[in-house]
Amino acid sequence: MKKIIAAIITFTLLISTFAYTTCTANDITVTLDGTVVLFDVQPQIVDGRTLVPLRKIFEEIGALVKWDGDTQTVTARKSSKTVTLTVNSKEMTIDKGKIDEDGNAITETVTLDVPAQIIDERTLVPIRAISESFGLEVNWNSQNSEVSINSNSDEDNTWKQSTSAINLSDLNENQLLITDGGDYTLSGTLSGSITVNTEEKVRLRLAGAAITSGDLPCIYFENTDKAYISIEDGTENQLTAAACENGAIYSKDNLEIKGNGTLNIVSDTGQGIKASDNLTIEGGNINITAKADGIHVNDTFKMKDGSIKIEALSDGIDSESIVNVSGGKIDIKTTLEPSNANDLNNAASSQRLKNPFEETSAEFESSSKGIKADWMMVVSGGEINVNSTDHAVHCASDIEITGGQFTLNSKYGKGISGHGNVTVDGNETVIDVQNSTEGLESKNVITINNGTIRIIASDDGINGGGTQGINFDMPDNDGGRPNKDNHMQEENNKEMTGGRPPHPSGDMQPTEGMDFENMQPPPDMNFMPGNRGGQNLKDVLIINGGDIEVKAGDDCLDANGNMILNGGIIKASEPNGTISGFTAVFDPDGTVTINKDVTLIAAAGSGSAPNFDISQHTITLYTDDAHDAGEAITLKNSSGKTLAEYSPTGSYRTVWIALPDLTLGESYTITAEDENHTFSVEGQNTVIGTTQNSFGGFGGSRGQKRIQ
């Protein structure tokens, strides 16, 4: 009996403990500075430590996060500090953003009690370790199962009580030195500079100030706890740096600019604004003319509101770490011409057949991009207008766009270029690339979930995958084709960048006596999609939604791997090429999968229906006559309802349509300007008319129903 009683007591305790643990895990509350943080996946208690979804907690504490699915590694950065941890590893590395005397990064390795781990297909991270690594205070209240995070945001604001008004015209010297914290209002004229050197916070209010400096910045924050510039309402202010490479404004500490007045900056030899730490723009009308970068930031450039207008010889906005735009308006013009500008201009105006192995990319002595970031670029709002000679928007790593309106023109470069993953999302996102070599490019994966995208490109419209998997050093790799954008090999392979094996070009004219109808790719070259040697055939172009329209001089949609189209409306025009293949609407190195929710209208100069993995019925129209740009394509059902319409921005002879509303056996009418065809859908692909095209796509035409 005693044994039975003991067993019952033990079992009861176990049940109680389990119930308490479960209850605690399900009822955990997390607060940041008193505000409850809501997670889409409930925090979990594992071995006495609280784990939370990684992206949400990083975003709440103000850090940007990257996820590497191949290595299952999380990397987060806030200002100059970077935290890295890997799923199921107890080691977390903290890069403090500083270097030692030998120039090596100062890092710290922390051993975790519980590693990051995947639970119910979501990655969860230890909240205490993450928060404390970014200098936040974490407390656990076991009474109500609450994790409270304190960002220590309560500031000592006594410095604001020290106010001074200074008329710069009354100064006897050409330099103003500020050594005490406080709030200073500046007006008048100064031929010289202002230097701030104090351990306290300092705000400079510009209220009709005009400062002209020589080889020093007009305003130099040499040392502060934090620096602020307020551009006072209704005032116009002028900063002119005649011979200072570090800019008209130079801050070695965090700088914040706000206000509703106007600030004009002219830097005759250097940068407009330079910040060694973070620069935040929260307001003001700022106009910058600079001979170097308009704005150069070593850590994070953040814009929340206000207006910036920049004309720069080098980059408009250059961050060595993060660009984060959530509001305001940015207008940028960069003016540096490439050293081979004459060759590029001559090539652009020439109608001759271009040598595909000839180097045609712009060669800049220094960067002249519109907006540039090294670690990450995030845009969630605002208006961005760029007219650049180099790339309009560029990041050496990931780009995340979830909002904002872009109007982009690049004379010699790309519209949006990322060397990492590029993600476009948000119903209100608008991207209008009006001129570019490539409109939207990623060296890794492009994912488009939503938004309105319009692209005009002389080369590829949307290019996913970059150069991954291509090896120029393998002499037996004759199945692969060199990629036009292999920047890694530019210097050693001048004759190959821009390189593709010879293929039908928009400038090529048909030659008498050639049988184009039965033309086949050369036997010694692997032209077929999905069989190009040396390629990494991961999914590199994924379109889940959005309203997309592309006109390209080469390929509209180019994937150096697999292409997956799950949804959205896609309209594409390739007047000089085919539907699928080289110089085409679709140019995949791997497979193309088109699922049932996609609406797709492709117009090309030639080409038959591609042989893709497709979940819906399709239509191929070979027009009776050639059609000019702007001549509308319309598809209606038997009731007269318009199912699809498109006015291509290029001429066309072939139209290929795929959309969910096509039903087997139903009657439809397709119109190409004044040309009408009524037909019934009687197969997977219904063909209307007879091809008059020269380079019928290499995709094949299996299962087609031809209607004469």
Side-chain angles (χ1 to χ4, degrees), residues 439 448 451-457 461-462 541 543-552 555-558 563 565-581 584-588 592-610 612 614-623 626-637 641-663 666 668-679 681 684-689 691 693 697 699 701 704:
I448 300 174
T452 300
I453 300 173
R454 299 289 180 266
I455 291 173
I456 298 177
I462 301 176
L541 176 54
I543 299 178
N544 296 316
D547 184 350
I548 302 166
E549 186 172 333
V550 179
K551 179 194 174 185
D555 304 318
C556 294
L557 304 181
D558 187 344
M563 187 184 303
L565 310 180
N566 289 319
I569 300 171
I570 304 169
K571 300 175 182 179
S573 172
E574 175 38 275
N576 299 320
T578 65
I579 296 294
S580 177
V585 173
F586 302 96
D587 184 9
V592 176
T593 302
I594 301 177
N595 290 318
K596 62 180 181 179
D597 293 328
V598 178
T599 295
L600 196 152
I601 311 176
S606 61
S608 59
F612 294 156
I614 186 165
S615 302
Q616 49 188 270
H617 297 294
T618 62
I619 301 165
T620 301
L621 167 65
Y622 300 122
T623 62
H627 288 271
D628 294 331
E631 295 192 356
I633 301 165
T634 306
L635 178 68
K636 296 182 179 181
N637 63 13
K641 178 183 177 181
T642 299
L643 304 180
E645 55 185 345
Y646 177 33
S647 296
T649 49
S651 59
Y652 61 93
R653 290 294 304 268
T654 300
V655 178
W656 188 64
I657 297 177
L659 69 162
D661 295 329
L662 292 177
T663 304
E666 294 292 324
Y668 300 89
T669 299
I670 188 167
T671 302
E673 196 62 16
D674 55 357
E675 181 181 332
N676 295 285
H677 301 271
T678 298
F679 64 96
V681 173
Q684 199 282 320
N685 181 56
T686 301
V687 179
I688 304 165
T691 178
N693 303 312
S701 56
Q704 297 181 0

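Everything numeric in this text was worked out from a predicted model, so none of it was measured.
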**Request:** Without swapping roles, check the side chain of Glu549 against the backbone of Lys571 for a donor-acceptor pair under 3.5 Å.
**Result:** no
**Request:** Spell out, as yes or no, whether a donor-acceptor pair under 3.5 Å connects the side chain of Ser573 to the backbone of Gly650.
**Result:** yes
**Request:** Could you give me the CA-CA distance, side-chain angles and deciding distance for Ile614 and Gln684, then say whether side-chain contact (heavy atoms from CB on, under 4.5 Å) is met?
**Result:** CA-CA 9 Å; Ile614 186 165; Gln684 199 282 320; 3.1 Å; yes
**Evaluation steps, side-chain contact (heavy atoms from CB on, under 4.5 Å), between Asp661 and Asn637** = CA-CA 9 Å; Asp661 295 329; Asn637 63 13; over 6 Å; no
Distance check, rounded to the nearest 0.5 Å: [X] atom [atom1] versus [Y] atom [atom2]?
X: Ile657; Y: Leu621; atom1: CD1; atom2: CG; answer: 7.5 Å
X: Asp555; Y: Ile462; atom1: CG; atom2: CD1; answer: 12.0 Å
X: Ile543; Y: Ile453; atom1: CD1; atom2: CD1; answer: 7.5 Å
X: Asp547; Y: Thr452; atom1: CG; atom2: OG1; answer: 5.0 Å
X: Arg653; Y: Thr623; atom1: CZ; atom2: OG1; answer: 4.5 Å
X: Ser647; Y: Ile633; atom1: OG; atom2: CD1; answer: 8.0 Å

Please give me the minimum heavy-atom distance between [X] and [Y], naming the atom from each residue.
X: Val550; Y: Gly461; result: CG1-CA, 3.7 Å
X: Tyr652; Y: Ala672; result: OH-CB, 3.7 Å
X: Ser615; Y: Asn595; result: OG-OD1, 3.6 Å
X: Thr578; Y: Gly607; result: CB-CA, 4.0 Å
X: Tyr622; Y: Ala609; result: OH-N, 4.2 Å
X: Glu675; Y: His627; result: OE1-NE2, 2.9 Å

Indicate yes or no: at least one non-hydrogen side-chain atom of [X] is less than 4.5 angstrom from one of [Y].
X: Thr671; Y: Lys636; answer: no
X: Pro660; Y: Thr599; answer: yes
X: Thr686; Y: Tyr668; answer: no
X: Val598; Y: Gln616; answer: yes

**Item:** Those residues that, when tested against Ala457, pass side-chain contact (heavy atoms from CB on, under 4.5 Å) (two or more places apart)
**Value:** Ser436, Ile455
**Asked** What residues form a side-chain contact (heavy atoms from CB on, under 4.5 Å) with His617, not counting sequence neighbours?
**Response** Leu662, Leu664, Val681
**Request:** Can you label the angle between the Trp656 ring and the Phe586 ring as parallel, tilted or perpendicular, going by 30° and 60°?
**Result:** perpendicular
**Test side-chain hydrogen bond (donor to acceptor under 3.5 Å, both in side chains) applied to Thr654 and Ser606, step by step** = CA-CA 5 Å; Thr654 300; Ser606 61; over 6 Å; no
**Item:** Candidate pair Leu659 and Leu635, rule side-chain contact (heavy atoms from CB on, under 4.5 Å), full reasoning
**Value:** CA-CA 11 Å; Leu659 69 162; Leu635 178 68; 3.8 Å; yes
**Prompt:** Would Ile670 and Ile688 satisfy side-chain contact (heavy atoms from CB on, under 4.5 Å), going step by step from the backbone distance to the final call?
**Reply:** CA-CA 9 Å; Ile670 188 167; Ile688 304 165; 3.8 Å; yes
